[in-house]
Asks: 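Sending over a structure as structure tokens; questions will come in a sec.
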Amino acid sequence: MNENAAVSHFNPGKGAGSSVGVAILGYGTVGSQVLRLMVENADEFAHRAGGPLEVKGVAVSNKEKHRGSLADELGLLTDDARGLIEREDIDLVVEVIGGIDYPRELVLKALRAGKSVVTANKALVAAHSAELSEAADAAGVDLYFEAAVAAAIPVVGPLRRSLAGDRILSVSGIVNGTTNFILDAMDTDGVSYDEILAESIRLGYAEADPTADVEGYDAASKAAILASLAFHTRVTADDVFREGISKITADDISAAKAAGYTIKLLAICERLIDAEGKESVSARVHPTLVPHDHPLASVTKSFNAIFVEAEAAGRLMFYGNGAGGNPTASAVLGDIVGAARNKVFGGRAPGESTYANLPIADFGDVPTRYHIDMDVVDRTGVLAELTKIFAEHQISLRTVRQEEKGEHARLILVTHAAREADLARTVEALAATDAVLAVNSVLRLAGE
Ligand code: NDP
Ligand code: HSE
């Protein structure tokens with residue numbers, strides 16, 4: 001039995017037509033659009049929730065910055081988030097500040113005070129899901145976080161509800177808008193990495209610290225959330241293997257292009273089953289080569305796309321806006337309406353489900369295919385010498401291509417699937433030979 005059910009309180013609801021008091025914590029890219037849409041669509045949301053949604057306050061760190069804004073005009077601004085949460089007339093708290101420690105304190109405070117919480121904060125959910133879910137269960141309130149993964153794309157709800165009757169085998173795809181925006185611009189327009197990163201910050205796609213995007217931390221948090229939901233197992237960001245895009249060069253992109261691939265930062269969450277039938281969960285984030293004709297290759301700009309493979313449903317694809325104020329506000333508002341409806345009519349959203357408690361697979365055991373680009377000396381027998389190293393590590397080669405490169409040769413090899421640990425050792429052994437002058441890039445492949 002799900003232990004959550006045992007501690008959940010019955011929430012009878014405030015009654016049809018009752019108003020729901022809302023506190024918005026954060027008034028940046030996302031929070032400002034949430035308030036605007038709540039004000040513009042107040043009548044519609046009242047119908048959908050069963051009672052009017054009344055925003056009682058908007059917490060920021062610096063009120064002066066927001067003089068003349070809608071929140072200021074409505075007299076809603078405060079720099080006392082803790083005090084706002086404590087108010088008796090607040091039923092629902094929307095956390096769109098970002099970070100981990102301070103929002104954790106605020107969200108726990110809200111849940112423990114019996115307020116439902118809607119958050120867009122993947123870093124918080126991925127790090128503290130257990131503690132937050134327990135607090136929500138103990139108080140009998142909701143914790144919603146649709147916007148935490150892939151902004152506008154409804155994927156958390158489908159995994160929590162629509163696919164609750166299926167057995168999910170994998171969830172994978174592009175879950176970070178900033179890095180997709182950067183890789184796409186480098187690929188199609190040849191724009192420099194620094195220039196396009198600055199543009200993604202200006203457009204409000206990147207996190208407050210864009211290192212979270214480019215080094216894969218943001219995608220790893222999202223992968224942890226997706227894997228937890230898909231496999232009914234608690235997976236945190238620390239359980240996710242992570243490699244970002246900051247080392248991807250214009251040369252990598254053009255070499256990939258020439259070979260028929262596009263480089264994407266993928267999150268891959270899989271149910272692995274070993275020879276004895278023992279199951280485990282693998283979650284990883286890394287730059288990946290996908291063939292030009294694969295659907296993920298045509299996901300451009302800050303769009304995201306997620307494939308879910310389930311036993312009965314088969315293959316499902318979720319595609320849409322993965323970052324930005326309005327797309328994220330759409331997901332936050334969907335959660336606000338859902339949480340408000342439960343406050344009005346009673347009942348709760350599905351809580352955390354971790355009954356399967358599968359072990360996390362060792363990354364070294366995960367099957368991977370590599371694309372290896374090396375400069376080698378141009379002499380008789382080099383190819384035989386190097387392919388022997390692959391054979392010694394039980395790695396089978398799929399394609400081998402050799403090109404002239406000045407006085408040297410350039411060797412591009414694609415392997416068949418093998419254990420990650422064996423592939424890593426093979427690359428180490430190759431780099432240690434006199435025949436290999438430079439290992440230009442080692443990228444993983446998917447989608448063939
Ligand atoms: P912003 O940096 O644009 O906004 C953050 C807001 O939080 C600001 O209004 C800031 O106040 C406020 N804030 C910061 N510290 C405090 C504090 N101590 N007390 C009260 N308010 C504070 O962030 P975003 O809107 O881009 O992101 C918010 C959350 O949404 C993050 O968790 C992010 O990961 C998530 N998210 C963002 C998406 C996006 O595309 N931007 C997409 C999906 C999720 P002030 O304005 O005064 O500085
Ligand atoms: N910084 C995130 C991204 C925002 O670029 O995907 C959406 O979660």
Side-chain angles (χ1 to χ4, degrees), residues 23-35 57-67 69 71-72 76-85 93-107 118-127 145-153 155-156 173-184 196-197 199-223 225-226 244-245 265 267 285 299 301-306 320-332 335:
I24 302 177
L25 313 181
Y27 193 58
T29 304
V30 180
S32 57
Q33 298 313 311
V34 170
L35 179 69
V58 174
V60 293
S61 67
N62 176 3
K63 289 199 318 185
E64 287 314 306
K65 237 172 84 178
H66 303 284
R67 288 291 165 225
S69 66
D72 185 35
L76 294 171
L77 286 179
T78 173
D79 52 15
D80 179 13
R82 293 183 183 93
L84 177 60
I85 291 171
V93 171
V94 181
E95 187 275 305
V96 280
I97 292 178
I100 297 189
D101 293 339
Y102 184 54
R104 169 179 167 264
E105 180 207 317
L106 297 177
V107 168
V118 172
T119 179
N121 189 335
K122 50 274 161 132
L124 174 67
V125 175
F145 48 90
E146 181 62 67
V149 183
I153 305 174
V155 66
V156 169
I174 297 165
V175 295
N176 183 269
T178 303
T179 47
N180 203 56
F181 187 70
I182 293 172
L183 291 171
D184 180 43
I196 196 67
L197 174 59
E199 177 70 354
S200 64
I201 294 169
R202 193 186 65 75
L203 290 168
Y205 300 154
E207 295 301 299
D209 175 1
T211 314
D213 297 289
V214 296
E215 296 301 350
Y217 291 99
D218 178 83
S221 292
K222 292 165 177 168
I225 295 171
L226 291 171
I245 65 156
L265 184 74
V285 166
V299 176
K301 304 200 185 298
S302 61
F303 282 84
N304 286 185
I306 299 169
N321 268 314
N326 273 331
T328 311
S330 163
V332 170
D335 282 354

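Order of appearance sets the numbers: ligands from 1, and atoms from 1 within every ligand. Owing to the predicted nature of the structure, the values given are computational and were not obtained by experimental measurement.
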Asks: Would one find an N or O of Gly322, backbone or side chain, under 3.5 Å from an N or O of ligand 1?
Replies: no
Asks: Could you find the nearest protein heavy atom to atom 5 (C) of ligand 1 and give me its residue, atom name and distance?
Replies: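 Closest protein heavy atom to atom 5 (C) of ligand 1: Ile97 O, 3.5 Å.
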Asks: Measure Pro327 to ligand 1 on non-hydrogen atoms and call it side chain, backbone, both or neither using the 4.0 Å cut-off.
Replies: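 Neither; no heavy atom under 4.0 Å.
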Asks: Can you tell me the protein heavy atom closest to atom 19 (N) of ligand 1 and the distance?
Replies: Tyr102 CE2, 3.4 Å
Asks: Gly324 versus ligand 1: do any nitrogen or oxygen atoms come within less than 3.5 Å of each other?
Replies: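 Indeed, backbone or side chain, Gly324 has an N or O that close.
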Asks: What do we get for Lys63 next to ligand 1 when only non-hydrogen atoms under 4.0 Å count, side chain, backbone, both or neither?
Replies: neither
Asks: In ligand 1, which numbered atoms sit nearer than 4.0 Å to a non-hydrogen atom of Ala147?
Replies: 43 (C), 44 (C)
Asks: Name the closest protein heavy atom to atom 12 (C) of ligand 1, giving the residue it belongs to and the distance to 0.1 Å.
Replies: Gly26 CA, 3.9 Å
Asks: Do other residues, nucleotides or ligands put more than 12 heavy atoms under 6.0 Å from the NZ atom of Lys63?
Replies: yes
Asks: Heavy atoms only: which of Val96, Asn176, Asp80 lies closest to atom 28 (C) of ligand 1?
Replies: Val96
Asks: Could you tell me, for ligand 2, which of its N or O atoms are under 3.5 Å from any protein N or O, listing the pairs and their distances rounded to 0.1 Å?
Replies:
unit_1, atom_1, unit_2, atom_2, d
ligand 2, 1 (N), Tyr205, O, 2.7
ligand 2, 1 (N), Glu207, OE2, 2.7
ligand 2, 1 (N), Asp213, OD1, 2.7
ligand 2, 5 (O), Gly177, N, 3.3
ligand 2, 5 (O), Thr178, N, 2.8
ligand 2, 5 (O), Thr178, OG1, 2.6
ligand 2, 5 (O), Tyr205, O, 3.1
ligand 2, 5 (O), Asp213, OD1, 3.4
ligand 2, 6 (O), Asn176, ND2, 3.4
ligand 2, 6 (O), Gly177, N, 2.7
ligand 2, 6 (O), Lys222, NZ, 3.1
ligand 2, 8 (O), Lys122, NZ, 2.5
ligand 2, 8 (O), Lys222, NZ, 2.7

Asks: How far is atom 16 (C) of ligand 1 from its nearest protein heavy atom, and which residue and atom is that?
Replies: Ser61 CB, 3.7 Å
Asks: What protein heavy atom is closest to atom 26 (O) of ligand 1, reported as residue, atom name and distance in Å?
Replies: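 Answer, as residue, atom name and distance: Thr29 CB, 3.5 Å.
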Asks: Starting from atom 36 (N) of ligand 1, find the nearest protein heavy-atom neighbour and note its residue, name and distance.
Replies: Lys122 NZ, 3.7 Å
Asks: In this structure, does ligand 1 have an atom that sits under 4.0 Å from one of the heavy atoms of His66?
Replies: yes
Asks: For Asp101, look at atom CG and say whether over 12 heavy atoms of other residues, nucleotides or ligands are found less than 6.0 Å away.
Replies: no
Asks: As a test of the contact definition, would atom 2 (O) of ligand 1 count as having a protein heavy-atom neighbour under 4.0 Å?
Replies: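 Within 4.0 Å: no protein heavy atom nearby.
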Asks: Considering heavy atoms of the protein only, find what lies nearest to atom 34 (O) of ligand 1 and give residue, atom and distance to 0.1 Å.
Replies: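 The answer is Glu207 OE1, 2.6 Å.
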Asks: N/O of Glu95 under 3.5 Å from N/O of ligand 1, yes or no?
Replies: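 Checking ligand 1 against Glu95, no N or O pair falls under 3.5 Å apart.
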Asks: Among protein heavy atoms, which sits nearest to atom 48 (O) of ligand 1, and what does the distance come to when rounded to 0.1 Å?
Replies: Lys65 NZ, 2.7 Å
Asks: State the CG-OG distance between Asn180 and Ser200, to the nearest 0.5 angstrom.
Replies: 11.5 Å
Asks: Hey, looking at atom 43 (C) of ligand 1, which of Leu203, Val332, Thr328 has the closest heavy atom?
Replies: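 The nearest heavy atom belongs to Thr328.
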Asks: If you measure every N/O of Gly28 against every N/O of ligand 1, is any gap under 3.5 Å?
Replies: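 By distance alone, the answer is yes.
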Asks: Please confirm whether Gly204 comes within less than 3.5 Å of ligand 1 when only nitrogen or oxygen atoms on both sides are compared.
Replies: yes
